[in-house]
There are 2 protein chains.
Amino acid sequence: MNEIGLDSAGEGTAGRREAVLDVVLALLVEKGAAALTMTAVARRASCSKETLYKWFGDREGLLTETVRWQASKVRAGAYDRQHLDAGALRESLEGFAANWLTVISSETSVALNRIAIGQAETLGGIVLANGRFAIGERLKPLLLDARAAGLVAFDDAEEAFRTFFGLAGRDVQIRRLLGDRFAIDAAADARRAVDQFLALYGATKTPAMAG
Amino acid sequence: MNEIGLDSAGEGTAGRREAVLDVVLALLVEKGAAALTMTAVARRASCSKETLYKWFGDREGLLTETVRWQASKVRAGAYDRQHLDAGALRESLEGFAANWLTVISSETSVALNRIAIGQAETLGGIVLANGRFAIGERLKPLLLDARAAGLVAFDDAEEAFRTFFGLAGRDVQIRRLLGDRFAIDAAADARRAVDQFLALYGATKTPAMAG
DNA sequence: ACCGAACCGTAACGTACGGTACGGCGACGT
DNA sequence: ACGTCGCCGTACCGTACGTTACGGTTCGGT
């Protein structure tokens, strides 16, 4: 039951907070948002509720910190911007799409999005900023570099990204959120999405629908 | 306060149940899922809690019936299958996309999806069946007829639909669910989505990425 | 006029949860 | 050695909600 250990590793209280946040994530995934009570967190984390409130203020603070903590773990490495030929572009785009698909399909992401949607006023903005918009800001430089290299053609990088987002995600996220557990081949889906995206925006082929 | 009227219209108890369900929807949209208590529903619907429990069993039964009730209201008309030329296909697809975008952007749909996601085990399947899968089954015949008419080319109608779904919806639903209120031009988005879909699957142009 | 069914309004009950208070205990500095 | 600090475990409090029960009222049928 004790998942933390009484500070035996000598990591001080540094890792304790994060251990608590991991307990929140684990409970969220295993039991769902309804079972996420302060008592359950305290018991699972082998800490007292008093400590929980001292560290995180209240329940909402605990949830907020958990969302940020998970977001900080998901950040994928930035992609190399050198030697951007057609192959490198394709590889980077597929990496983005496959990683994104893997993340939004994971139980942790689904559970976190569920609770954020349930409290859209307070948590929705955080998840949105660290999810949808964060990946947009990380992908746009790649798209702009690709355009500068004459590999793709578009007017608005935001619109191009939204199309990429749609082609990659399709119905995956909403189905997962609504409880549909179906198999996903992230690599194959990423390849298909990139094929379709380049068919629409690629400059080497017929530049259809660039506006 | 009384939104129903004491059966004065002589509609018997036929419309009373539906009136209660509309109250649930209104409360969901106005106050959010957290404020949806049985007491609030009873007060707003000018009925007693005892009646609520007699009619719907328990809180979950009330929610389930509400989801079904809303789903029955959203059904759009089937599209004409005659004279399927390129123009008619485009028009039908745009109609589908625009209607779908309007629905998923509506406050009612967002509120209902939020609560369904929060209770994915019990309500998620219902929303999924009446939303994502229902529109899929309604769109596929159109796609198959279009393929038979030589207007589009694809191997798997399900995959073609999922692409259409992604091109139309993109990030709209997840952003709305997470509380992002941004303007949407359903007609323009539908036009763009259909343009892109036909660029990928249209048989008149280069049939790229059909597999 | 009378009966019974359905329903309204409200009170009541049990439970569960967020948040707080308290006693005890091990660790650490002096 | 000893006081202090932080934390654990638990008990506790107030509240809110789901659910049930009950008295009073309306209304259709006979």
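What's counted below: heavy atoms across the whole structure, side chains too, no hydrogens, waters or symmetry copies. Quick caveat, the model's predicted, so the values are computed rather than measured. Every chain is numbered from 1 and lettered A, B, ... according to where its sequence line falls, protein lines coming before strand lines.
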Worksheet item: Are A:Asp22 and A:Lys73 close enough for a salt bridge, meaning some N to O gap below 4.0 Å?
Response: yes

Item to complete: Figure out the CG/P separation between A:Asp58 and D:dT15, and round it to whole Å.
Response: 18 Å

Item to complete: Check whether any side-chain nitrogen or oxygen of B:Thr51 sits under 4.0 Å from OP1 or OP2 of C:dC8, and answer yes or no.
Response: yes

Worksheet entry | Spacing between A:Arg59 atom CZ and C:dC17 atom P, to the nearest angstrom | 10 Å

Practice prompt. Would you mind reading off the distance between B:Arg17 atom CZ and C:dC7 atom P, rounded to a whole angstrom?
Written response: 11 Å

Response to the item:
Whichever of B:Lys49 and B:Leu52 has the more 5' nearest nucleotide on DNA chain C, that residue is B:Leu52

Worksheet item: CD of A:Glu50 versus P of D:dA11: gap in Å, rounded?
Response: 15 Å

Practice prompt. Please confirm whether A:Arg176 makes a cation-pi placement over A:Phe182, using NZ or CZ under 6.0 Å from the six-membered ring centre and within 45° of the ring normal.
Written response: yes

Worksheet item: In whole angstrom, what separates B:Trp55's CH2 from C:dA6's C1'?
Response: 9 Å

Fill in: Between D:dC8 (P) and A:Lys54 (NZ): distance, integer Å
10 Å

Worksheet item: Do B:Asp180 and A:Arg132 sit within salt-bridge range, that is, some charged N less than 4.0 Å from a carboxylate O?
Response: no

Worksheet item: How long is the line joining CD of B:Glu60 and C1' of D:dC17, in whole Å?
Response: 16 Å

Practice prompt. Side-chain contact test, heavy atoms from C-beta onward, threshold under 4.5 Å: evaluate it for A:Arg147 versus A:Phe154 and give yes or no.
Written response: yes

Item to complete: Take the protein atom CZ of B:Phe56 and the nucleotide atom C1' of C:dC7, then report the distance between them rounded to whole Å.
Response: 14 Å

Fill in: Nucleotide nearest A:Arg16 (side chain, heavy atoms from C-beta), chosen from C:dG18, D:dC8, D:dG18
D:dC8

